[in-house]
Structure formats: C-alpha cells, structure tokens
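For reference, the structure is listed below as structure tokens.
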Amino acid sequence: MPAPIVARLRGTIRCASAFLPLLLVVSPAGAQPSFAMDDVFALANVSVADVSADGRHVLVTSAALRDRIGSDNYRFGDPTYIGPGVSDVVLVDTRTGARRPVFPMKRQVRSASFSPDGSRLALLVMEGDAFRLGLVDVASARVRLVQPPRGRLFDEQSGLQWTADGSRLLVGLRSTEWHTEARQRFVDEVEGPIVVRSSEDPFLSWEAIRRLSLRRIPALFDVAASRFSELAGESMLGGFAITDDGRLLRTELDITKKTDYDEIFGRESALTVRPTDGGDERTVLETTKGLSGFRWSGDGKSFAYAKEGVVFFATLDAEEPRRIAGPAEARRDTAAAPADSAARAAERERRRKERFTPMRLSHDGQTLVASNGEGWWFIDTTSGEREMFLEVPSGEEAEQDETRPRWSLLGWSRDARTLYLGEESRTEWSRAIHRYDRVARQRTELMRGDAQIGGFTVSADGSTVVYTRTETNRPSEVWVADANLGNARQLTDSNPWLRDRQLGAARLIDYLDVDGKKLHGVLYLPPGYREGTRVPTVFLVYEEFFDPRFNATVAFLNAHGYAVIQPSVRLERGYPGEAWLKGVTAAANKLIEMGIADAEKLGVHGTSYGGYATNLLVTQTQRFKAAINISGKVDMISFYTDSPRLGTRNTHAPEKSQDRIGGTLWEEPQKYIAHSAIMFADRITTPLLLLTGQQDHNVPERTTSEMFYALRRLGKRVEWVSYIDGGHGMPTTTEAEVVDYHQRILGWYDRYLKGSASAESTEG
C-alpha cells in the first residue's frame, strides 16, 4: 500500500475526498461542458516514432497522463528501473489516412525503426518486466516478438538500426549479470546498512551508479536466421552505430576518469571503429574532450566537429581529421585585449566571423552546413570551399534586435539539394517554413501562419514531409505533405472530445519591464471571457514564454474562472532574483491596465525553477494575494550540494547554468544569500502553499520544508503538502494524488483570490 498523502498544517491530516466538489464545473443546460479533472487525465499527446523511407507509412504513438500513472520514485537513479508509460501504437498510411493499431491495447514501446524498404518495422516492446524485440510486418500488421539471447537483456537506451539491405538489425544488449550488479549497487546505496563515501573515489557514488548504464554489448540480429552475433564484449559505451552498408561498427568508448564539475554528467570518449565481420579495433580519435558539435553523415562513414571555432572533418578510413573551416589553428588568444572600446568591438567581431559551428552533415558526407557570426554556410568537405546561403547575424547585438527572426534547420534531403528552414518571429506568432534549392540557389517560402511546426521529418526519398502542427491553445496533431508542403493533410485527431469543451482564447501580450525592455507573455483567458471584465489572475512563472502550448492544468484553472498568464523575464547572470520582480510585476501592471486583471486578486505559482522564482518574488513584493511553490528550492546554500542522485547538477546550476549566480559558494557568498528566499522569510506577507514530493531527488523537499518552518515560526500563513510517494513536480504515483494536487492549487486560489466558502474545505 502506498503511504498516505500528508498535509502538514497544525498537525492535521486531510482526506482528498473532501475536495471533490471543487472539481465539478456546472455549465448551463445545453452548454458545452467545461474542461474538468477527467479531461486532465484523458488529454492525449501524439508523436511520430518513425517514417518509412518512401514516406508511405508513419508510426504514431499517443499517450495521456493516465498512461504514465504509477511511477516508483523510490527507484529514481536505479539503472534497472523502467517507469510506466504505455501508449497507443498505430501505423498510418500517409496516402489514404488509414490507421491500423499495431497492438490490440496500449503497450510500452521504444526505438521504432522502419526497414529501408519499408516492409518491416522494428521496435522494442515491454513484455512483463523486460523488453522484447518486436518485428512488425507492415502489410499485415502482424507482430513477431523475439527473445534476447540466453543470459542477455535488450538495452532500451541503445536504439535500433537496420543495415542498408534490411537483412540485419543493430541492437544493444546487456548481460543478466549487469542487471544483478546494477540493481544491487543501487540497493546498497539506499539501504546500506553502511555506506562509505570518500574524496579519493574517482566518481561521486551516484554518478558511479549512473555510469553503469553505459555498460552494453552491440550485436547484429540476422532477421532471416533469427540469430544474434555480438560484435564486441560488454564495455562502457556512450553510443554505437554501424555504417549503412553494415561493414563497420563505430563506438564511443567511455574513458572518463573522474567526476566532471564543468559539465553535468560530463563524459570523455575515444572514438573507435572495427569491421563487423571480425578484425582489429582501431582508434579514430583518442579523446573527445574539448570537442563540440559532432555531426555524422547519414551513411555513418564520416563526421565533423569543432574545437574552439575550428571545424574538422574526417572519414572512418582516414588517418587524421583535417581542418575545413575556422581560424588557422585552434587557440585561445592570450594577448591583452585592446584598450580602445571600438578596437575591442572590432576584435570581437573578427573572432565571431572566424569561428564556425557544425550544424548538419549531408548523407554522403560531401557537404557540411555550418554557422558563424555572419550566417549559414555550405562547406565542401573535400576542398573547404564555402558559400553563404543565409545571412543570420549572431551575437549579443543581434539577439537584442527583436526585429530579426530566429532561424532553424529543419531538414535536408538525402541528395543534399534541398534544405528546409524554419523562420520564427520574436514579436508575434508568425512562423514560416522555407525551401532552399542548392542548385538554383533560391529560397522559397512554402508555409506561413501562427501554428507551431515540430518533429519535421523528410522521408529518405525526399517525396514526403511529416510533422506535428500545434494550433494556439490546442494539442499537437500529426500532418503529412509533399516535398513542397503542398497537399497537406492531418493524419491524427488525438482528442476529438476536446471540441465539445469550453476553452478560452490565448493571446500574446507585450509589456515593458522596469528597465524599459520589451517582454512577452502568453495569456490564457477563461471560456466566454467578456472584454473589460476583471477576473482573478494567476501568474505561472519560469523563464521565457512565447508559444501558446496547451496546458491541462492551465485549462483547468481557466474553467474555474481564472485568467492565467505566463510572463517572460529577462534573466541576468549574477542577479536573477531581480528579473522576476522586474518582469512579472510589469506584466501585472499591463493586465490591470488592459482591464483584465483585478489588482486585488493576483496569484502566482511555479514548478521547480518556477517555484524557486515564486518564493523569491514574494519576498520582494506584496502584490500577490496567494502564492504556490511546487518543488522549488528556497535556500541556495543548503541546496548547493544537495540532490546527490543528480551528481554535480546542483553545484553546476549556480556556478555555470540555470541559477545564474556566476561563481562558487565561496566566490560569491553574498549572492547565494541574496538569492535564498529563506533569508528574507520575514518579509513575506503572501499566503504561501508548498507542494513537495518526499521522493523528489531533483529538488529534495527538505530544502522547501525550511520555508514552512521559518514562516510558521514567524507567524505567517503557510501550508505544506508532502506527497510521501511523490517525485518532482506534479505527483504521478496514483490518480488520487493528481486529483489532490489540482484540488490544492484550485482551493488555495479560491480561498485567497475569490474568498470562496468552498475553498475552506482545505481546513478539513
């Protein structure tokens, strides 16, 4: 039996059933029903697992929140644990739209891959407590399940790769001894009875456990003979693949010597290659340390990478990689910077134009797409000759110019003639897809609109494009089109029932922060909202928001009469705490000015980094009448070396990444204090709800609990709900926990933003 949900407030334990009335939204007779709790569970998300080479078939998976309930958060970090996550698995004919389920019921699958001729589909299928290799006949949708060899397990993390003739399949295996050892190593760490950790150990204990996942065995499965051939012994491999002719196996042999504090889960590898029919292993690269932007050709025979802005290219048969772009030699300039500001700017511009980053390597490896400070280039990997095909300035100045759209490389045809480029405005919901013809040297706009396009896949023969299309405040659907994006048609209808629900509109709003810089926010309005009506408004905070993705929890709050705004902030390294005050309060001013928000009915919440932001925000302003911190830290000092199961993440975040402190605890002690909400708990006047999971190994609840005990000591209004079996963010151990989670959020806002009598049910 799972442990009970415990709410710590004046020593009481509350029953989830007491909240059920809060979930019922009564609609007038004949009106569409509002988005309700059942809908939160039922909302399906679709994704494209693979597309056949001729574009004729697509494998689509569809899963809802209900399909991943049952997580065992106690096993977070256990290399042998496979969490729940079933889905509908459907083959779709892109020409007719016909759909055929691969299985009669939802199944947990991984690593789907069509054979080169499109007649078969390989995927890993969960059977009992382990994966099996599934081979699907596309014409009949019949499934054949293959057991791993005796003493072996399938590695679900390795993926599946066909040889070009479709006769063999590269798979990853593990030994049963590995499973026993990895499981026992995890149990020893969490149960002891005695655990010893030493600074003389090369790796932190939890990183050593995580690294066990690298131990695997590459093998080829002969489909006709139903026989496995192991290509190498069990070793530490960051990854492996074969050339498409099946002749060579390449491996990323892990040679990491100790825990890396400069990169989270940082690894060092040696790139090796060996013939698949037997022969000696050869080292192609001694080390990948200091290298970035690895790009492999589609045939797997060549690769490119960068080192300090210099781009190198090599084939698996070549002796040494050779420079094809960038400065004459990889170096760090040690000369003193020019004293004159104009000269310094000119020097930065020179370096920016010199340094290149690999983006995509053509299937045959003859052409590389790379970028520098001026734009995007085609680079001939033999001669090094280059041609700029898209002017895309980069750098700080270009990033601050919001009139410039953002570009992305979506796809490249196998013959290397056609590129698909994505263009996205930074000031409005306007997105476009362009096709660039290398022979004609011409760019043509194929599509423009406000919908988001994702998962863009070009079939191997170049005839078909498959993508997901996301309309404003609606879930994504899978679409297909021809090479020019003509004859576009929708292949899935994942939530037909959603058309019968009352949903509000979503808008992009602009506002100026305290420094006069333009920011954007995504505003979700309640269903049937009337212009000029002030409604209670919830600010859902994190970092930047621009896209109006569908969010079930937001829709649930909308259905209960709340406007929800996701405001962007402009975070500054060394002073992130100010950003939320400058940006979120400015967004509040804008909504009040627009006649939407009621200044006396503003709430704020966030999850993880957003929970941290929420707690910092309410130490700096009294504008919010209710706040909710979900799995967010409150003490940067105690958190600095916490979360051991995530290795160096919690030291790296403030020093170099998301937390943006910009130094170690000993280099910047005052900034750590300034960004610890616990240090300023006495300034908080906003009623605060804390939601945590006791099995959260991302942001352990003990750091959040500090705020509960501090505010209680100070006589402030605070409530702490601990989901004993819960993990990070919304609990997903049981459906009852998900219901309770939404009830707590709604009840807190109803009490403090509406003064609703029904909200008093949180008192028991």
Side-chain angles (χ1 to χ4, degrees), residues 39 41-68 84-127 132-145 160 162 166 411 451-461 463-471 474-483 485-501 550 552:
D39 301 329
F41 287 107
L43 187 80
N45 293 295
V46 298
S47 61
V48 175
D50 199 27
V51 179
S52 63
D54 61 1
R56 177 67 185 270
H57 291 99
V58 177
L59 187 73
V60 175
T61 60
S62 175
L65 172 60
R66 185 170 277 120
D67 299 321
R68 57 185 178 88
V86 298
S87 61
D88 287 311
V89 184
V90 180
L91 274 169
V92 183
D93 187 313
T94 60
R95 298 180 190 174
T96 67
R99 300 163 52 85
R100 287 178 299 160
V102 176
F103 304 101
M105 60 184 65
K106 293 185 176 185
R107 300 293 294 271
Q108 187 163 3
V109 299
R110 303 273 177 89
S111 308
S113 178
F114 281 100
S115 62
D117 65 1
S119 66
R120 284 174 294 196
L121 172 73
L123 71 171
L124 295 177
V125 186
M126 179 68 85
E127 282 280 300
R132 301 289 181 260
L133 174 61
L135 295 173
V136 183
D137 180 83
V138 172
S140 65
R142 290 198 184 117
V143 183
R144 168 189 165 202
L145 292 180
L160 301 171
W162 293 90
Q452 295 172 259
I453 304 299
F456 196 90
T457 304
V458 183
S459 63
D461 69 355
S463 66
T464 307
V465 176
V466 177
Y467 55 91
T468 58
R469 179 184 175 94
T470 309
E471 303 291 344
R474 293 296 185 274
S476 300
E477 299 294 351
V478 178
W479 284 65
V480 66
D482 60 29
L485 298 190
N487 192 26
R489 52 211 183 273
Q490 186 174 329
L491 294 180
T492 62
D493 186 10
S494 57
N495 298 282
W497 53 268
L498 199 59
R499 287 190 287 273
D500 296 328
R501 299 295 185 271
F550 190 87

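Predicted model only: the values in this text are computed from it and were never measured.
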Under 4.5 Å between any side-chain heavy atoms of Leu145 and Val125, yes or no? yes

Closest heavy-atom contact between Ser494 and Val46? CB-CG1, 3.4 Å

By salt bridge (charged side-chain N to carboxylate O under 4.0 Å, His left out), Arg489 pairs with (sequence neighbours left out) none

Sequence neighbours left out, what passes salt bridge (charged side-chain N to carboxylate O under 4.0 Å, His left out) with Arg469? Give chain and number order. Glu471

Listed by chain and number, what are the ring-ring contact (aromatic ring centres under 6.0 Å, His included) partners of Phe103, not counting sequence neighbours? none

Do you know the tightest heavy-atom contact between Ser87 and Thr61? OG-CB, 3.8 Å

According to salt bridge (charged side-chain N to carboxylate O under 4.0 Å, His left out), who are the partners of Arg120, at least two apart in sequence or on a separate chain? none

Using a 3.5 Å distance criterion without hydrogens, assess whether the side chain of Ser111 forms a donor-acceptor pair with backbone atoms of Leu124. no

Give a yes or no answer on whether the side chain of Ser113 reaches the backbone of Ala122 with a donor-acceptor pair at less than 3.5 Å. no

According to side-chain hydrogen bond (donor to acceptor under 3.5 Å, both in side chains), who are the partners of Thr457, at least two apart in sequence or on a separate chain? none

Under 3.5 Å: donor-acceptor pair, side chain of Trp479, backbone of Ala488: no

For Thr464, does its backbone N or O pair with a side-chain atom of Ser459 as donor and acceptor, under 3.5 Å? yes

Pairwise salt bridge (Lys or Arg N to Asp or Glu O under 4.0 Å) hits with a residue in residues 132-142, at least two apart: none

Atom CD of Gln452 and atom OG1 of Thr470: how far apart are they, to the nearest 0.5 Å? 5.5 Å

Just to verify, what does Ser52 make a side-chain contact (heavy atoms from CB on, under 4.5 Å) with, not counting sequence neighbours? Asp54, Arg56, His57, Phe114

If I compare all heavy atoms of Ala44 with all of Asn495, which pair ends up nearest, and what's the gap? N-OD1, 2.8 Å

Of all heavy-atom pairs linking Ala481 and Leu485, the shortest is CB-CA, 3.6 Å

Partner residues of Pro84 under the side-chain contact (heavy atoms from CB on, under 4.5 Å) criterion, sequence neighbours left out: Ser71, Tyr81

Looking at every heavy atom in both Ala483 and Val465, which two are closest together, and how far apart are they? CA-CG2, 4.4 Å

Sub-4.5 Å side-chain heavy-atom contact between Asp88 and Lys106: yes

I'd like to know if the side chain of Ser115 reaches the main chain of Gly166, judged simply by a donor and an acceptor atom lying under 3.5 Å from each other, with no hydrogens or angles considered. no

Test of understanding: with side-chain contact (heavy atoms from CB on, under 4.5 Å), list the residues that count as partners of Asn45, not counting sequence neighbours. none

Side-chain heavy atoms of Leu65 within contact of Leu43, under 4.5 Å: no

Can you check whether Leu491 reaches Val60 side chain to side chain, under 4.5 Å on heavy atoms? no

Ignoring hydrogens and angles, write down the donor-acceptor pairs under 3.5 Å from the side chains of residues 95-102, residues two or more places apart or on other chains.
from	atom 1	to	atom 2	distance (Å)
Thr96	OG1	Ala98	N	3.1
Arg100	NH1	Val138	O	2.9
Arg100	NH1	Ala139	O	2.8
Arg100	NH2	Val138	O	2.5

With sequence neighbours excluded, what pairs up with Ala64 under the side-chain contact (heavy atoms from CB on, under 4.5 Å) test? Asp67

Interatomic spacing from OH in Tyr467 to CD in Glu477 - rounded to 0.5 Å: 12.5 Å

Value rounded to 0.5 Å, distance of CG in Leu123 from CG in Asp50: 10.0 Å

Could you pull out all residues at least two apart from Asp39 that satisfy salt bridge (charged side-chain N to carboxylate O under 4.0 Å, His left out)? Arg501

Would you please test Thr492 and Thr468 for side-chain contact (heavy atoms from CB on, under 4.5 Å) and show each step? CA-CA 10 Å; Thr492 62; Thr468 58; over 6 Å; no

Where Arg474 and Phe550 come nearest, the two heavy atoms and their spacing: C-CB, 3.6 Å

